Each structure stands twice: as C-alpha cells, then as structure tokens.
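Comments concern the structure below.
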Amino acid sequence: MIDHLLLAGVQFSRTVVGMMTRPYETYRRIMREGTLWELPYIATLLAIYFALASLVKTAAFRPFLLTKHFVVLASATGATFLFAVGLFWFVGKLVGGKGELGRLGLAWAYTLIPTVTWFLVTSLLYVMLPPPRTERWQGILFSLL
C-alpha cells in the first residue's frame with residue numbers, strides 16, 4: 001500500500017506539472033494511465049484549501065465556526081463532485097460511451113486543481129490586499145490609491 005501511495009505521489013506531481021505545461025497530453029495520460037491512488041493527494045490539497053478558506057471567511061479563531069465552515073465546504077464539494085461524475089457517467093452510457101467510472105472520476109478530480117489554485121490565490125490576495133472600502137488599513141489605502 002505504501003508503494004502504491006508513493007508511486008501515485010510521483011505520478012500526481014508529474015501530472016500537476018503536466019497540467020501546466022501540456023494540458024491536453026496530460027489529460028489523455030490521466031485517462032490512459034491514472035490510478036485511484038492519486039485521489040488522496042487531491043483530497044489533501046482540497047482539505048488544506050478548505051481549512052485556509054475557513055480561516056479567511058471566519059476571520060477569527062472560533063473552532064466551532066471553523067469546523068462548521070470546513071464541513072460545509074467539504075460536503076458541498078463532495079456532493080457536487082459525485083453528482084457531476086454520476087451525471088457524466090450516465091449521459092456517457094446513454095450515448096454509448098465505453099469509459100471506466102474510476103478514470104472519469106480521476107480526470108474530474110484533477111479539474112479541481114486549477115480551481116483550487118485560483119481560489120487559493122484570490123483568498124490570499126483578499127487577506128493581503130482586501131477589497132476597497134473596508135475599514136482595515138489595507139482597504140483604506142487601496143481605496144485612496
């Protein structure tokens with residue numbers, strides 16, 4: 001099991017770099033060679049983002065609110081993921097698709113990486129340079145600018 005996870009970690013890293021440099025070839029490779037062992041790495045990245053987003057959204061260290069926000073984000077993402085993969089699988093079977101459910105799920109999971117990257121960058125920018133017209137000194141400075 002450890003061997004599978006380590007190999008999947010190398011494959012995951014290779015795939016993330018490939019998504020930036022050669023996205024079409026990389027997604028074809030995911031569909032051909034990807035394994036479900038790569039999913040824990042994607043889930044870990046999502047969990048890290050959900051934890052950071054909870055901190056940004058709550059703006060105070062209140063464990064109950066942080067946990068609630070984290071659980072809501074994770075649940076909504078999981079439900080949407082399952083719905084989207086199920087819908088694509090169902091429609092694919094209706095039109096005669098011959099793909100595998102696991103590979104479809106893996107490919108869809110990899111689409112979350114650019115999304116999480118975008119949301120992470122915007123969350124960090126929100127903290128470093130809040131929107132104009134907030135009462136924090138950065139927001140006032142940005143409004144003046």
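This is a predicted model, so every value here is computed, not measured.
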> Does CZ in F119 sit with more than 12 non-hydrogen atoms of other residues, nucleotides or ligands closer than 6.0 Å?
Replying inline: no
> Taking the side chain from T111 and the backbone from W108, do they hold a donor-acceptor pair closer than 3.5 Å?
Replying inline: yes
> Should L112 and M31 be regarded as members of a common hydrophobic cluster, given that ILVMFWY residues are connected when their side-chain heavy atoms come within less than 4.5 Å of each other, either directly or indirectly?
Replying inline: no
> Taking all atoms of both residues into account, what is the closest heavy-atom pair of L36 and G102, and its distance?
Replying inline: CD2-O, 3.6 Å
>> Treating T26 as the side-chain partner and T15 as the backbone partner, does any N or O pair qualify as donor plus acceptor under 3.5 Å?
In response: no
>> Assess whether a salt bridge exists between R28 and E25, defined as any Lys/Arg side-chain N lying under 4.0 Å from an Asp/Glu carboxylate O.
In response: no
> Are I30 and V10 grouped together when hydrophobic residues (ILVMFWY) are joined by side-chain heavy atoms under 4.5 angstrom apart?
Replying inline: no
> With sequence neighbours left out, what residues match R29 under salt bridge (Lys or Arg N to Asp or Glu O under 4.0 Å)?
Replying inline: none
> Minimum heavy-atom separation for P114 to M19, with atom names?
Replying inline: CD-CE, 3.5 Å
>> Tell me every residue that passes side-chain hydrogen bond (donor to acceptor under 3.5 Å, both in side chains) with Y110, counting only those two or more places apart in sequence or in another chain.
In response: E38
> If you look only at pairs with a residue in residues 30-52, which of them pass as a ring pair (Phe, Tyr, Trp, His ring centres under 6.0 Å), with sequence neighbours excluded?
Replying inline: H4-W37, F12-Y41
> Is V72 reachable from L120 through a run of I, L, V, M, F, W or Y residues, each pair having side-chain heavy atoms under 4.5 Å apart?
Replying inline: no
>> As an exercise, state the distance from CD1 of I42 to CG of L106, rounded to the nearest 0.5 Å.
In response: 5.5 Å
>> Hydrophobic clustering (ILVMFWY, side-chain heavy atoms < 4.5 Å, transitive) - are F81 and F83 grouped together?
In response: no
> Between atom CH2 of W89 and atom CD of E100, what is the distance when rounded to the nearest 0.5 Å?
Replying inline: 7.5 Å
>> Looking at every heavy atom in both L73 and S54, which two are closest together, and how far apart are they?
In response: CD1-OG, 4.2 Å
>> Can you tell me how far apart OG1 (T35) and CZ (R103) are? Round to the nearest 0.5 Å.
In response: 8.5 Å
> Hey, does Q11 have a side-chain heavy atom less than 4.5 Å from the side chain of L7?
Replying inline: no
> Same cluster or not: are V91 and L82 linked, directly or through other Ile, Leu, Val, Met, Phe, Trp or Tyr residues, by side-chain heavy atoms under 4.5 angstrom apart?
Replying inline: no
